[in-house]
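Reviewing the structure listed below.
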Amino acid sequence: MEELERLVEYMACNLVDDPEAVKVESSNRGQMVIIHLSVPEDEMGKVIGRQGRIARSMRTLLNTAASRRGMRASLDIDD
Amino acid sequence: MHSVEIQARSVEEAVRLALEQLGRPEDEVDVEVLVDADPANDGEALVRVTAKGHAAQPVAAGYTGPVQADRPDEETEQIAKNVVTELLDAMGFDCQVMAVDNPSAIDVAPDEPPTVFIDVNGRDLGMLIGRRGENLAQFQYMVNLLVNKQLEIWTRVIVDVEGYRARREESLISLARRVAQQVARNHKPVPLEPMPANERRVVHMALRNDDSVVTESSGEAGNRRVTIQPNRNS
């Protein structure tokens, strides 16, 4: 679970201009790990992208990393 | 391909992988150790292996062969390799990552953005490719964002995993040629399956010099496909 947090943190911190302001936490919902990502409002576009394209890419990578470890995960971007 | 750079746990391991990649015996190559396996560098060695007779070969004066863009500089390639390695590591994959010469049958034209080609090899990477390469496409998209965040000039990074793109390109080229023959014979257009942009481009390029057919893309994003049509002017 910590590893999945680290993956989301790696992506988000390298996408935004102010990595210090990135927060990543996780929780469980049944068998599923939920990763909560929050970034400053003016940097939301950098983790979501046009038509959600960046968020979609982050989710695919998160799912791949989770299934590799026999887990299921989902990404929540807090606004 | 005449030259590769490979990172591995030891110089011997890196050289072995490089020879495999080049398909040449050790006495036909020159080996440069760029970084020795130093614990200060996470114990990773980096070597460049070049086929003999190909090192820094000057282009003959007045050379008018196909124009192919140069490989981006080493620093750019290193940034791309680092991003791919770090991202794969964060995802839990342990792989060899290397920058290679353009492996595609299609050249990078001089008016296209500089392009780094990255090959990823390792065990159990099927999940990284995904159904119809969808996971690989998303991985490559993320790599491009992260790499370009660090670069001044917009640079394209094309990531292949276990030769997936290379195999796909080969089968697309043979499909295109087979369908083109059929179209030329029957004088009826044939639409292909919807494909992503890079794959449509392979089809267009594969038939560029075939005068018996023309190729055209149509349809909305996500459902765009190439149709191979008889060339009425031939």
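- Between the side chain of A:Asn28 and the main chain of A:Val33, no donor-acceptor pair closer than 3.5 Å is present.
- Using a 4.5 Å cut-off between heavy atoms, A:Thr60 contacts chain B through its side chain alone, with no backbone atom that close.
- Contacts between A:Asp17 and chain B at a heavy-atom distance below 4.5 Å involve backbone atoms as well as side-chain atoms.
- Taking chain B as the reference chain and counting heavy-atom pairs below 4.5 Å, the highest number among A:Gly49, A:Ser57, A:Ala65 is found for A:Ser57.
- Between B:Asp160 and B:Arg168 there is no salt bridge, since no side-chain nitrogen of the basic residue lies less than 4.0 Å from a carboxylate oxygen of the acidic one.
- For the residue pair B:Gln140 / B:Arg156, no side-chain donor-acceptor distance below 3.5 Å is found, with atom types taken as modelled.
- Contact of B:Leu87 with chain A is made through backbone and side chain together, with heavy-atom distances under 4.5 Å.
- Proximity to chain B is absent for every atom of A:Arg59, based on heavy atoms less than 4.5 angstrom apart.
- Per-residue heavy-atom pair counts under 4.5 Å with chain B were compared for A:Leu15, A:Val8, A:Asn63, A:Leu4, and the maximum is reached by A:Leu15.
- With B:Asn135 contributing its side chain and A:Leu61 its backbone, the two residues share no donor-acceptor pair below 3.5 Å.
- Ion pairing between a basic and an acidic side chain is recognised when a charged N comes within 4.0 Å of a carboxylate O; A:Arg69 and A:Glu3 show such pairing.
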